[in-house]
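Have a look at the structure below, then the notes.
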Amino acid sequence: MLSLVYAVVGHAQIEIEECVLNAFTYLNAVRQNPSAYSAKIGVDLGYVEPRPALHWNEALIKAAQAKAEDMANRNYFAHVDPEGNGMNIKIHLAGYELPKEWYESRTDNFFESLGCGTFINTGESVINMLIVDEGTPSLGHRNHLLGIDPFWADCYDIGIGHAQNPNSKFVHYWSILIAKHKY
């Protein structure tokens, strides 16, 4: 059973899953004091500079939720959907303004971190998994979520989507979009 709550986005109140709100709250807490979470997460974050809190963005929420649902319903896990569309184009089509050169290539993805798995069913579990970033030598998810690299350091908008399908391979699917409008 999904537990739904309300979040304020701009001037509107929207209904989201409680686990999505928990992911948002937890990620902002880690971003604001990364070293305090090193032991809990299991990786040294002492080198990570604190970052300002992220802000909900309705277009990013819409794009992230659509992506999570698409993966769960069509049983795939990838930044690019089966039709060859990456998240930059999907973010743009959802109404989030990006420079045209960021979505000219259908497959580009500058702003999405993905998580999935049977036991990746809470906001905290998906954030921890992506920050550990096991098996990703570039630590791209960690860098994205915590704003470590210069490109992501000034990203300020977020949308998180979660979907589950007990008949799919991974059951739980997450899309976390952290973006900005310009360079």
Side-chain angles (χ1 to χ4, degrees), residues 1-10 12-31 53-98 102-103 106-131 133 140-142 144-147 152 155-181:
M1 183 80 160
L2 298 178
S3 179
L4 299 174
V5 295
Y6 288 93
V8 176
V9 178
Q13 195 174 44
I14 63 166
E15 195 172 58
I16 60 171
E17 285 185 60
E18 186 173 14
C19 64
V20 168
L21 180 59
N22 290 342
F24 171 76
T25 303
Y26 182 67
L27 177 58
N28 271 332
V30 175
R31 285 173 59 92
L54 298 163
H55 303 281
W56 284 120
N57 179 278
E58 195 166 3
L60 293 179
I61 293 169
K62 178 181 168 183
Q65 187 61 39
K67 177 64 178 286
E69 289 174 7
D70 189 48
M71 290 188 299
N73 293 333
R74 297 203 294 165
N75 201 18
Y76 75 95
F77 180 70
H79 290 293
V80 176
D81 71 16
E83 288 75 41
N85 297 307
M87 281 313 293
N88 286 14
I89 190 91
K90 290 175 180 263
I91 289 168
H92 169 71
L93 292 173
Y96 191 85
E97 187 179 323
L98 294 174
W102 287 0
Y103 60 87
R106 283 182 51 208
T107 59
D108 277 349
N109 167 47
F110 302 164
F111 303 113
E112 181 182 47
S113 288
L114 293 176
C116 71
T118 305
F119 299 105
I120 308 298
N121 58 352
T122 68
E124 192 172 308
S125 66
V126 72
I127 298 301
N128 286 344
M129 181 205 55
L130 289 168
I131 289 173
D133 222 1
H141 301 108
R142 181 186 306 174
H144 173 237
L145 294 180
L146 300 180
W152 292 308
C155 288
Y156 41 83
D157 291 329
I158 187 170
I160 301 174
H162 169 254
Q164 68 181 69
N165 179 351
N167 299 317
S168 66
K169 181 176 180 178
F170 298 111
V171 181
H172 292 274
Y173 297 82
W174 294 83
S175 172
I176 301 173
L177 301 173
I178 302 174
K180 60 185 175 183
H181 294 288

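We use all heavy atoms of the structure for the numbers below, so side chains are in, but hydrogens, waters and symmetry mates are not. The chain is numbered in sequence order, starting from 1.
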Legend entry - Close side-chain approach of V126 and T122, heavy atoms under 4.5 Å: no
Inset, instruction - Give a yes-or-no answer on whether the side chains of Y96 and D157 include a donor-acceptor pair shorter than 3.5 Å. - result: yes
Legend entry - Side chain W174, main chain I120, donor-acceptor under 3.5 Å: yes
Legend entry - Within residues 55-66 or reaching into it, pairs that qualify as side-chain hydrogen bond (donor to acceptor under 3.5 Å, both in side chains) - sequence neighbours excluded: Q65-E69
Inset, instruction - Could you tell me which residues satisfy salt bridge (charged side-chain N to carboxylate O under 4.0 Å, His left out) with R106, sequence neighbours excluded, listed by chain and number? - result: none
Inset, instruction - For H162 and C19, indicate whether the former's side chain and the latter's backbone hold a donor-acceptor pair under 3.5 Å. - result: no
Legend entry - Contacts of type side chain to side chain donor-acceptor pair (under 3.5 Å), residue R31, not counting sequence neighbours: none
Legend entry - Beyond-backbone contact of Y26 with N128, side-chain heavy atoms, under 4.5 angstrom: yes
Legend entry - Side-chain donor/acceptor of D108 to backbone N/O of N88, under 3.5 Å: no
Legend entry - Steps toward side chain to side chain contact (heavy atoms under 4.5 Å, CB included) verdict (I158, F24): CA-CA 8 Å; I158 187 170; F24 171 76; 3.5 Å; yes
Legend entry - Closest contact, heavy atoms only, E112 versus L177: CB-CD2, 3.5 Å
Legend entry - Qualifying residues under salt bridge (charged side-chain N to carboxylate O under 4.0 Å, His left out), relative to D81, sequence neighbours excluded: K90
Legend entry - Partners meeting salt bridge (charged side-chain N to carboxylate O under 4.0 Å, His left out) with E97 (sequence neighbours left out): none
Inset, instruction - Would you please name every residue forming a side chain to side chain donor-acceptor pair (under 3.5 Å) with T25, sequence neighbours left out? - result: none
Legend entry - Donor-acceptor contact below 3.5 Å, side chain N165 vs main chain N75: no
Legend entry - Under 3.5 Å donor-acceptor, D133 side chain and G140 backbone: yes
Legend entry - Whether K180 side chain and L98 backbone form a donor-acceptor pair below 3.5 Å: no
Legend entry - Check: F110 ring centroid to W152 ring centroid under 6.0 Å: no
Legend entry - Test item: side-chain donor near acceptor, Y173 and S168, under 3.5 Å: yes
